[in-house]
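For reference, the structure discussed in these notes is given below.
Every value quoted in this text rests on a predicted model; they were computed, and no experiment measured them. Atoms within a ligand are numbered from 1 in the order they appear, just like the ligands themselves.
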Amino acid sequence: MSEAEYAANVVAAVKFAREQNERAKLTNIRWKVLSIPSTTYKCEQGYVESSGVVDLEVLDRMLSGRWELGKNEILDPKSIAMVCITHIPTNSGIINPVDEIGELIAEHNKQFANDESSLPKCYYLVDACQSAGQLKLDVQLMQCHALSATGRKYLRGPRGTGFLYVQRDIANALDPSHVDHASTPVKRLSHLDTLAISHSIDLTEKLEYKHQLGAARFEFWESNIGGKLGLGEAVDYAIEKIGIEVIEKKCCSLGKKMRSRLKQIPKVRLHHDISAKVEL
Ligand SMILES: Cc1ncc(COP(=O)(O)O)c(C=O)c1O
């Protein structure tokens, strides 16, 4: 995960890793959540600081078996299951190079492609919660397998809304973490006609269910329809009425102006400063 990752994403990943490790006590597979180091820069005060931006050279080394994990331990590139990147973090204006990261992961997946599965060796997930509505998002350029975004921030949609993009083939291969009538309708109770009413039915044997195809498998039966309609309006407004390019330009110029003014205030120190490719 990027160093500038949203904390709740890290918690979720760590929880997943711990659960897997707990279940797999008898195997020697151990899940780990690693942070991908950022580039550094020398700030005006002379300190070397982390920029918060993924260091592409380091990521390349991690993906190609040239990264030391610990003493005498090289990170095995085949063991990397997923790379999660927060496009713009919650607490600073850096922008992670999601297209370049996607290119490195695509190369890595090409190298480890196998004939038995069309699924990628390493998944690439982008958290675009802070960039949706501020920047143009192009999942083809990013080559990401999944991208999540919220409606309540820069899209100015209703709270409690958001969207998830998952490449269709990959969506169809994933088990949703929660299932209900929307994501996973019951297909039938097989052989029901042959069962006497008084028998208790072993549902583990008889119940047939199927996850919906595509993104629908991640949706819930109960949802806020008004919120969804509001999100649609907000997206139309941003894209059609104003234009994402216009918004992006304005946000960047306001960000620049604010940083230059903040710098003029005595004792104010800017982190993730312009020399670290801060954009917003
Ligand atoms: C990078 C990032 N991801 C995810 C979220 C979660 O967004 P929400 O609370 O709208 O689901 C936030 C919210 O601060 C965020 O900054």
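Two residues are said to be in side-chain contact when any heavy atoms from C-beta on lie closer than 4.5 Å; L147 and F163 meet this criterion. Looking at K32 and N21, their side chains never come closer than 4.5 Å, going by heavy atoms from C-beta outward.
Side-chain polar atoms of E5 and S2 form a donor-acceptor pair below 3.5 angstrom. With no hydrogens or angles considered, a side-chain donor-acceptor pair links S51 and T39 at under 3.5 Å.
A search for salt bridge (Lys or Arg N to Asp or Glu O under 4.0 Å) contacts involving K110 returns E107, not counting sequence neighbours.
Closer than 4.0 angstrom to ligand 1 sit non-hydrogen atoms from Y6, T86, T90, D127, C129, Q130, T150, R152, K153.
By the rule that hydrophobic residues join a cluster once side-chain heavy atoms approach within less than 4.5 Å of another member, I244 and L231 end up as members of one cluster.
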